[in-house]
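A quick write-up on the structure given underneath.
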Protein chains: 2
Amino acid sequence: MPGPPWWYGRFQDAGYRLTLPRQAILGTLSRTSKHLSAEEIYLSVHRAYPAVGLTTVYRTLELLVRLGIISKFDFGDGRSRYELTTSRQRKHHHHLICSRCGRVIDYTDFIDEETEVLGKIERVLSQKYNFRINNHRLHFYGLCDKCK
Amino acid sequence: MPGPPWWYGRFQDAGYRLTLPRQAILGTLSRTSKHLSAEEIYLSVHRAYPAVGLTTVYRTLELLVRLGIISKFDFGDGRSRYELTTSRQRKHHHHLICSRCGRVIDYTDFIDEETEVLGKIERVLSQKYNFRINNHRLHFYGLCDKCK
DNA sequence: AATGATAATGAAAACCATTTCCAATAAGAA
DNA sequence: TTCTTATTGGAAATGGTTTTCATTATCATT
């Protein structure tokens, strides 16, 4: 039996209300593995709750990013894209991006190996540059099977 | 004695003209190690050549990216940033980005080690997803010494 | 040098994702 | 209920980037 989603608590703790628009937006993001843009999320939410406006979607996304519940990405197509942060449901992964058609493939191969190397790098860079590193992002660019 | 810059040839080969605005833009990018935005480049070029317009800067940057002479980056501050592609003058490097003030630090530590691991990953991912990987980008996010 | 064909340019306008404003509404506390 | 504050939606504003279009520069050919 699945308990309440893991992010329920964070709202109360931070003093925010888990309103219907917010739940709808989180619902949409939970139900997909795609990298949705604000407008795509708006359209999806709008189908079920026509009262919810695009402004609220933007505001909610910003809040969710701030709470660490979702991550914001830029794949170079002029709009930001969002996905649930790594958790039990969402494995840590990186992205393969097709420079031509913009397709994005998630991959989880090598994550352990990567994590080890990157972790080591993070430790030394933190020291050397007196930087507190919170996370990293690794993108591979190229041409997907259809485009090459 | 430094010969002509390495990108001279690429223009002719591709059938483009190495005009004065283009030289000025390349000059600006060659003389800095910063990650300039289109507007910053425009202002710099504009000082020496007031006739050059912002539109031309944007057009030229797009062309230079297409020719592989410069790279376009997004560090999350709402404007694209540009720098010369890796070459004899410009070592391969990655970026440390301060999430708060936006400062960007280039680092070249570990590049060999990284390249080895990433190269291996690239080879396997290319096969598995039938993707032709051309390059990668690794960003570390965190707080710089001033902001933490 | 003059000509012609085409590439390149600049200014203004258009574009478009995202933010801001602001008045109206919803939610929780008292 | 009543009060206080958070949240919301629509319209307008913002701001980086692109498009349009008429003009100008460049190069190859006379």
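On a predicted model such as this, the values are computed, not experimentally measured, just so you know. Chain naming here is simple, since letters A, B, ... match the order of the sequence lines and numbering starts at 1 in each.
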Check: B/T115 side chain, B/I111 main-chain N or O, donor-acceptor pair, under 3.5 Å: yes
Any donor-acceptor N/O pair, B/S37 side chain to B/R79 backbone, under 3.5 Å: no
Check side-chain contact (heavy atoms from CB on, under 4.5 Å) between [X] and all other residues, then give those that pass, not counting sequence neighbours.
X      : value
B/L20  : B/Y49
A/S33  : A/R90
A/K148 : A/L143, B/N130, B/R132

5' priority, DNA chain D, between B/R79 and B/R59 [closest heavy atom]: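 Residue closer to the 5' terminus by nearest nucleotide: B/R79.
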[X] has an atom [atom1]; how far is it from atom [atom2] of [N], in whole Å?
X     : N      : atom1 : atom2 : result
B/K72 : D/dT18 : NZ    : C1'   : 11 Å
B/Q23 : D/dA25 : CD    : P     : 16 Å
B/R22 : D/dC27 : CZ    : C1'   : 14 Å
A/Y58 : D/dG15 : OH    : C1'   : 14 Å
B/D77 : D/dG16 : CG    : C1'   : 11 Å
B/E62 : D/dT18 : CD    : P     : 7 Å

Nearest-neighbour nucleotide for the A/T60 side chain, D/dT20, D/dG10, D/dT8 considered: D/dT8
What salt bridge (Lys or Arg N to Asp or Glu O under 4.0 Å) pairs are there with at least one residue in [range], not counting sequence neighbours?
range                      : result
residues 10-19 of chain A  : none
residues 99-118 of chain A : A/R103-A/D145, A/D109-B/K128, A/E113-B/K120
residues 44-72 of chain B  : B/E62-B/R66

A/E83 and A/H93 side chains, donor-acceptor separation under 3.5 Å: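 Present: a donor and an acceptor within the cut-off.
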NZ/NE/NH1/NH2 to OD/OE distance under 4.0 Å, A/E40 and A/K34: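 Here A/E40 does not pair with A/K34 in a salt bridge, since their nearest N and O are not under 4.0 Å apart.
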Summary of side chain to side chain donor-acceptor pair (under 3.5 Å) pairs that have at least one residue in residues 20-30 of chain A, sequence neighbours excluded: A/T28-A/S44
Residues clustering with A/V104 (ILVMFWY side chains joined when closer than 4.5 Å, directly or via others):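 Members besides A/V104, by chain and number: A/F73, A/F75, A/I97, A/Y141.
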Shared hydrophobic cluster for B/Y42 and B/L63 (ILVMFWY, side-chain gaps under 4.5 Å):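 Cluster IDs for B/Y42 and B/L63 match.
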First and last nucleotide of DNA chain C, 5' to 3', lying under 4.0 Å from heavy atoms of chain B: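 Contact boundaries, 5' end first: C/dT6 to C/dA12.
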DNA chain C contacts among residues 24-46 of chain B, heavy-atom distance under 4.0 Å: none
Neighbours of DNA chain C within residues 9-20 of chain A, by heavy-atom distance under 4.0 Å: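 Close to the strand are A/R17.
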Bend angle of the helix from C/dA1-D/dT30 to C/dA30-D/dT1, end axes from five pairs each (to 10°): 30°
